[in-house]
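First the structure, in the form of structure tokens, and then the observations on it.
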Amino acid sequence: TQIEGDYLVQRMGKLNRRETSKMSVYSVTIDHEKSSVVDFTNNVSDAVWATISLLQSPEYVRRAIYNALDIHTDRSSVWTSVRSTVSALESISMLRKLSDNGDAAEMESPVALIYKAVAFEKKWERHALREIWDVFLEYMEEYQNKVASKEFGEIVSMNAKVFSFCASCTLTLFQALDDEDLFGKHYPFSLNQLRRISQLTRDVLYHSVWLKDTLNVKSKKRRFFAKNEPTVSEVEVTTQEMLAYDVMTESAVSLYDSLHERHTRHRIMPDKQWLFPSIPVQELGLSNGTTRMFSNQMYVDVESDDESNSGNVTTTPEMASDRVKTVLRKLPQVIPFEQRVLIFHDYIKSDKYRLGDPDLYYRLRITVRRDHLFEDSFKQLRDKGVEIKNRVQITFVNDHGLEEAGIDGGGVFKEFITHFMRQVFDGESSLWKCTDNNELYPSPSKLNTDPESLARYEFTGRMLGKAVYEGILVEPSFAGFFLNRLLGKSNRIHDLQSLDHEVYKHLMAIRNIPDPEDLCLNFQVATEDGVVALKRNGEDYPVTKENRYEYISRMAHFLLNAQFAPQVRAFARGFSDMIPAGWVQMFSPRELQLVIGGDDKGYDINNMKRHVVYNGGYSESHPTIIQFWEIVQDFDPDDKARLLHFVTSCPRPPLQGFGALNPKICIYRVPISSDKERLPSASTCVNLLKLPEYSSKNVLKNKLLFAINQVVGFELS
């Protein structure tokens, strides 16, 4: 039943419902008796360009899919019909080019056309994409329950085009759907469907990314199952099949990332179900000490416990296996966040080991005025680049122009970087703006794109990277869309909520307006620097019913990605001098903020208590210390945060607990002759709390609360 190209061209405009389904519309014809596949791109390539011109009607594409869904009643035949039709459409999409005829320049890309036709279904009672997913999920889940892991991987490979098509259409749809559509109205997927799609995508990725070598996808032979039949025959793996497999993997990565991002705001399935089942610890490229930490983690396979090199750093991030690098870069969510933090800090530890002992090697020395930290440090360090990874020794100059006493053993630098960040990101800076949630992002003004301003962004990024490199938590919170760009990712429409909720709301409303032309909009946007075109000759393109989704997408791209691109690039250059981009790509924007500033969900007093040290005559059993912990245990979350800020200069604890704090918090006894003599004080540069020995618990509580609620400065002595 092979369809020749010429015949297809003649029949395209004349097919009735049954013929359309019977011929699978455009593409792949399966001879079930011989179990052979006639690939559309190989056998009817001459008809592609005529086909594309006929596909300019989205309704035609939807009709083809509904015909495939409706022509049969038994599940097996429906699946075969849908599989053929969808594979055909994906084949056309993969060509990624247009007809050679004279109208090519005016034609929409077949990729975008086909995906939009399926994604943007107007009939709520029926949605082509939802129905395709239902058929596909049922087929894949049935086989997954019957066959071994390797055989399921081969089924994944065989249906690569179907998965790519479903994933790409879903991603196209997600660009225009907000959370209210998806989780409030459950359009077009129910929560159960989203869970099943997420689980299948995870399993596809586990086979295509993690078990790729064991599947022999790149070998010359593969097994092919026809019509759900267990009989198999080996078919030559063609270049097209390899391309289809790679396209499927990329589509699956993008879909999984998008689904997981939605999951962080609205739970789709338990967190553990997003993880890969097993990753051998030997492939992680970790130092011995960190490797032993992983030996107690359930998701890791530990095949040996060689401690012969205990205490020495013998591996580096570069020694991790290629598939681990791929997972950490593209699919970090399949590894628990806590374990990725361990991997990240091990990368830094390995890098420091490579640089050598800072007490024996090169260090930078600078002198700064406390009220001009940015200007003084910028002048002395702006051209140092990666040299800042070495120890930076700080000497402060006070208001009287005198150098402050004290030797910088690391604590003074912490004091410097803490106050540096406060000065850089205060409300007076013209380089930064705040969202309504007080989250920072670069000012998009063109005044900030001159070389000097970009140099300041780059230096700020480098100093923030230095803070992360040294494990120093800082106070500023950054907008998720800015951190997303720092990670090298593009923002999507729903990210616009955090930048400007009103603009986001109005853009979403355009989707439901019967005739958007009544709004008199075109593809331009007004900014403080003037009018900017969203596409070439944007003033000549009014927003219509047909192009409104394109308008929404282009507007979101400009506001979230394009308008401050030079500033972000400069900041990222500086940051990557300290922290290579590949190291932070294992985190989401929210997770990167936790790495930069710690966890804002409060902290465990018992964990803090276990890792505090005492000096000056205090001990764990001292009456004042017992009273202190009883008081702190009863603090509300705000007072707990103020206490931690008072002692360490950051209100948030380290992600790995107080055991990771360096130096550890120390409570030092201060003898007094009267309760009125002095308040509790702190040296944040060394995490030291100087606690007087008060006469009663009530006095201790009042003095402590008064101290932590004051904003005071001090100099070194």
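- A distance-only check finds a donor-acceptor pair linking the side chain of Arg323 to the backbone of Trp210 [under 3.5 Å].
- Phe174 does not carry Arg492 over the face of its six-membered ring by the limits of under 6.0 Å from the centre and within 45° of the normal.
- With Asn561 contributing its side chain and Asn491 its backbone, the two residues share a donor-acceptor pair below 3.5 Å.
- Test Leu655, Ile579, Leu592 against Phe344 for side chain to side chain contact (heavy atoms under 4.5 Å, CB included) and you get one pass: Ile579.
- For the pair Thr201 and Ala252, the tightest heavy-atom approach, listed with the atom from each and the gap, is CG2-O, 3.5 Å.
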For this session: Step by step, work out the side-chain contact (heavy atoms from CB on, under 4.5 Å) result for Met508 and Ile493.
Result: CA-CA 9 Å; Met508 289 294 97; Ile493 179 65; 3.4 Å; yes
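- Classification of the Trp79-Phe136 ring pair by plane angle, with boundaries at 30° and 60°, yields parallel.
- Gln593 contributes a side-chain N or O that, together with a main-chain N or O of Phe478, makes up a donor-acceptor pair within less than 3.5 Å.
- Residues Ile343 and Met586 come closest through the heavy atom pair CG2-CE, 4.0 Å.
- In this structure a side-chain-to-backbone donor-acceptor pair under 3.5 Å is present from Gln193 to Ser190.
- At a threshold of 4.5 Å between non-hydrogen side-chain atoms, the residues Phe564 and Phe571 do not count as touching.
- Put simply, CG on Leu259 and CG on Leu194 are 6.5 Å apart, with the number rounded to the nearest 0.5 Å.
- A salt bridge between Arg511 and Asp181 is present, with a side-chain N of the basic residue lying under 4.0 Å from a carboxylate O of the acidic one.
- Atoms CD and CD, from Glu591 and Glu338 in turn, are 9.0 Å apart once rounded to the nearest 0.5 Å.
- In this structure, the side chain of Arg130 engages the main chain of Pro188 through a donor-acceptor pair within 3.5 Å.
- Donor-acceptor pairing under 3.5 Å is lacking for the side chains of Gln333 and His263.
- Remark: side-chain polar atoms of Arg340 are paired, donor with acceptor, to backbone N or O of Ile335 under 3.5 angstrom.
- Of all heavy-atom pairs spanning Arg262 and Leu177, the tightest one is NH2-O, 2.9 Å.
- Minimum heavy-atom separation, Ser251 to Leu171: O-CD1, 4.0 Å.
- No donor-acceptor pair closer than 3.5 Å links the side chain of Glu261 to the backbone N or O of Asp257.
- The one candidate from His494, Arg265, Gln497 that meets the side-chain hydrogen bond (donor to acceptor under 3.5 Å, both in side chains) condition with Asp179 is Arg265.
- Here the straight-line distance linking atom NZ of Lys330 with atom CD of Glu250 works out to 4.0 Å at 0.5 Å rounding.
- Taken to the nearest 0.5 Å, the CD atom of Glu180 stands 14.5 Å off from the OH atom of Tyr187.
- Considering only heavy atoms from C-beta on, Leu559 stays 4.5 Å or farther from Phe481 through its side chain.
- Side-chain atoms of Thr80 come within 3.5 Å of backbone atoms of Ser76 as a donor-acceptor pair (strictly under, hydrogens ignored).
- Interatomic distance, CG of Asp203 versus CZ of Phe276, reported as 9.0 Å (0.5 Å rounding).
- The CG atom of Leu342 sits 12.0 Å away from atom OH of Tyr347, with the distance rounded to the nearest 0.5 Å.
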